[in-house]
2 protein chains.
Amino acid sequence: MVGKGPGFTRNTCFGRYLTLVLGAIGFETFREMDLSKPRGRKSGAPTMIDVAHTAGVSIATVSAFINGSANVSAELMLRIESAIREIGYRRNAAARSLKTGATHTIGLTVADIRNPFFTDVVAIVQDVLNRAGFAVMLCSSDEDTAKQDEQIRLLLERMVDGLIIGPAGEDEVTRRLVRSTRKPVVLIDRMIAGLGVDAVVLDNRAAVLEAIQYLLGLGHRRIGYISGAAGTATGHDRLEGYRAALANAGITPDPGLVRDGRFREADGYRAAMELMTLPERPTALFSANNLMVIGAMRAIRDLGLSCPGDVSVACMDDFPWADVFSPRLTTVAQPVKAIGEQAASLLLNRLAGNAPPEPLVLTLRGQLIIRSSCAAPTVRQSA
Amino acid sequence: MVGKGPGFTRNTCFGRYLTLVLGAIGFETFREMDLSKPRGRKSGAPTMIDVAHTAGVSIATVSAFINGSANVSAELMLRIESAIREIGYRRNAAARSLKTGATHTIGLTVADIRNPFFTDVVAIVQDVLNRAGFAVMLCSSDEDTAKQDEQIRLLLERMVDGLIIGPAGEDEVTRRLVRSTRKPVVLIDRMIAGLGVDAVVLDNRAAVLEAIQYLLGLGHRRIGYISGAAGTATGHDRLEGYRAALANAGITPDPGLVRDGRFREADGYRAAMELMTLPERPTALFSANNLMVIGAMRAIRDLGLSCPGDVSVACMDDFPWADVFSPRLTTVAQPVKAIGEQAASLLLNRLAGNAPPEPLVLTLRGQLIIRSSCAAPTVRQSA
DNA sequence: AAAGCTAATCTAAACGTTTCGGCGTTGTCA
DNA sequence: TGACAACGCCGAAACGTTTAGATTAGCTTT
């Protein structure tokens, strides 16, 4: 007899069966069980029952084989495997989830899927999670809190095992939704206080502070700020960084130099338009994210202004093309890879149960990347 | 008596119940049923059974109310609704799917989630599908066919009701996977022949042909071409367009001017590097997608060349920032909105059963957007 | 007043898995 | 040689819904 021992390392991931090559095995016993069950119950997909019938074993054995949860003899493994192949069986995840209570699916909502920052994070989260055997359900709330809440509801109803949320914002519904679920939740990018869940965020205040200090160092005194959605921690913290930098330099912040761009390109355009048509316009512009800076650049172009000649520009969030087109934008890069990986493993750890009871909040540092979109302010002739 | 009539339009979407205000209704009958079932079966979430007990009705009635599938009296509606609210019930989608055979979830795989083109399509597909009550499971195959196949398997096992695939490529596994499922499938961006499924694609040949003609019109004769993955229909058709344009102009294509950039930035960089260091270098470069053009621009910059001064550049796929940074790229824009909407409704139609038996293939037109990254070739002094 | 209809509610049988307990067979050890 | 454990396999009971069919009760119709 061959290989009766326990030396079979089998991938627990269903779909890749060990292909046993055991030499001659009696195929005469194959298929001699009653196949009376007509295989046409509901015109549906083949089930484990069909596999069991075809292979002439019990359902329990098929299940044991597929999950590697118990020892199955080499002969039966072979029979079951070819039965599966023959009838094209695929496991029904709904039934499995119903029984086990786990879906091996995690929900992911981000504020805006079109934002390269989120796209990068999504790609990484998806990769890590896929590798761990989880599927990802993605939703983009398009910076709309109501939509976001609806999506969280949708995901929770779909019985996701966990949730990663890059919130558009927070309202009472969001908070209740998150608090009422027992599923692990990880917040990314934007903190929501008092939820008692894990989070991985940027030190937004420090990031913007450093960027504004750089601008101040170049000699700018009137720095326009295009802020992010006011209702978010991220928007708030970044604005704080801006104010703190000015305060450190002994400059009283001019409230007129701050406009809300709601993290979106169109609103960023509007904000920049307003700022750059001020009687005494700013010599530099800082955008609290990458989408708004596109709007800002468009506004600058539409006004016939040049960057950095007429106005210096910098922003939060780097993008792949920032250093190949001009002006080569000065940005604060977020550690997207780390954010995605940390968020995924935080969740995976909670799921595995090896995480401390108290919530973990990871605060990462941004990195100022100086390119050529900022210069010393030019002296204005008038006013 | 109030409102006994059938005038109640109820949203079939679970989660938003009609809040009935019917005046005084006897609450004395409320909760008088036996609540002996201890509500602690498995420490799990509350079930329909719990709701039924709390409201003092049968499970069938709860189900009827939630799904709006049968008439339920106003009084019971009220009782059930507050029971749901009270115990925080949320429907178990796994059980529901097991019974109905539908998950109201669709799977979406794209070749590269970091590509703004796919991002846009994803955003739109997701929006349309969410609106129709479907969740979206997203996977990015990162231009890796094996990964893509694994993901399709994952999605199919998760019992998605349908699949939208933006293929990284095609191999035998892909074809077998798609052919073996009975779920509706819609292909986007890249066609796979002989699958008999719906698809929405661009007229890639025509799109590139037009762009190359534009370049030829400017006087270019040596046009470098950075091609997409050779194994894809899209890559093939675009290259065809390039060749056809040259042929039409009576130019024999120089095979040395075509390099594979595999639709990725890094490979695009390499391809452009090779092309621009040729003894007799091209006066224009066309990139078969948007990611590779970033690599190409980086190569041009690294070589100390200028665009469009030393070399004209154009590419497939537009992006939001293409007209605010310089050089303002000349691109062929794809109708992303239409692609996403058509793909989603094709799928929705199949699911609803009102689609013709034969597969539908929608071919959309691209639009050449002329900006400032192309100019007439400058005469080279040497050779 | 009997019969028939409709509306409202309930009972119970699936759906396709997982998993616990049980039961022969072998093999081991005293 | 008998007791006992280990192994390999199976039967059957969940998991939480949906839904067809049964059962009322209240009306209308003849």
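Since the model is a prediction, treat every value here as computed from it, not as a measurement.
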- prompt: What pairs with A:Thr105 under side chain to side chain donor-acceptor pair (under 3.5 Å), at least two apart in sequence or on another chain?
  reply: B:Arg158
query: Between D:dT18, D:dT17, C:dC10, which nucleotide gets closest to the side-chain atoms of B:Ser63?
result: D:dT18
- request: Return the value, rounded to whole Å, for the distance between atom CZ of A:Arg79 and atom P of D:dG8.
  value: 15 Å
- prompt: Salt bridge between A:Glu157 and B:Arg90, side-chain N to carboxylate O under 4.0 Å?
  reply: no
statement: Separation of D:dC15 atom C1' from A:Met48 atom CE, nearest Å, is 15 Å
- request: Can you figure out which of C:dG16, D:dT17, C:dC10 approaches the side chain of B:Ile49 most closely?
  value: D:dT17
field: A:Asp127/A:Arg131 salt bridge by N-O under 4.0 Å criterion
entry: yes
query: How about B:Thr103 and B:Arg96: does a side-chain donor come under 3.5 Å of a side-chain acceptor?
result: no
field: Degree of bending in the helix from C:dA1-D:dT30 to C:dA30-D:dT1 once both end axes are built from five pairs, to 10°
entry: 40°
- request: Answer yes when B:Glu81 and B:Arg85 have at least one side-chain N-carboxylate O distance shorter than 4.0 Å, and no when they do not.
  value: yes
query: Would you say the side-chain atoms of B:Thr181 pair up with the backbone N or O of B:Val178, donor to acceptor, closer than 3.5 Å?
result: no
statement: Which of D:dA12, C:dA8, D:dC9 is nearest the side chain of A:Ala60? It is D:dA12
Interatomic distance, A:His53 NE2 vs C:dG16 C1' [rounded to whole Å]: 13 Å
query: Given atom CD1 of B:Ile59 and atom P of C:dA12, what is their separation to the nearest angstrom?
result: 11 Å
message: How many whole angstroms separate atom CZ of B:Phe65 from atom P of D:dT19?
response: 17 Å
- line: The salt bridge (Lys or Arg N to Asp or Glu O under 4.0 Å) partners of A:Asp149 (sequence neighbours excluded) come to none
- prompt: Does a side-chain N or O from B:Asn92 land closer than 4.0 Å to OP1 or OP2 of D:dC15, or not?
  reply: no
query: Out of D:dC9, C:dT17, C:dA7, which has the shortest distance to the side chain of B:Asn71?
result: C:dA7
field: Nearest to side-chain heavy atoms of A:Leu76, which nucleotide of C:dT18, D:dT18, D:dC9
entry: D:dC9
message: In whole Å, I'd like the distance from the CG atom of A:Asp50 to the C1' atom of C:dT17.
response: 13 Å
- prompt: Closer than 4.0 Å, any side-chain N/O of B:Arg96 to the OP1 or OP2 of C:dC15?
  reply: no
- prompt: Do the side-chain N or O atoms of B:Ser73 get closer than 4.0 angstrom to the phosphate oxygens (OP1, OP2) of C:dT9?
  reply: yes
- prompt: Pick the nucleotide of DNA chain D nearest each of A:Ser58 and A:Leu98; which residue has the one closer to the 5' end?
  reply: A:Ser58
task: Could you work out which one of C:dC10, D:dC9, D:dT18 sits closest to the side chain of B:Val57?
output: C:dC10
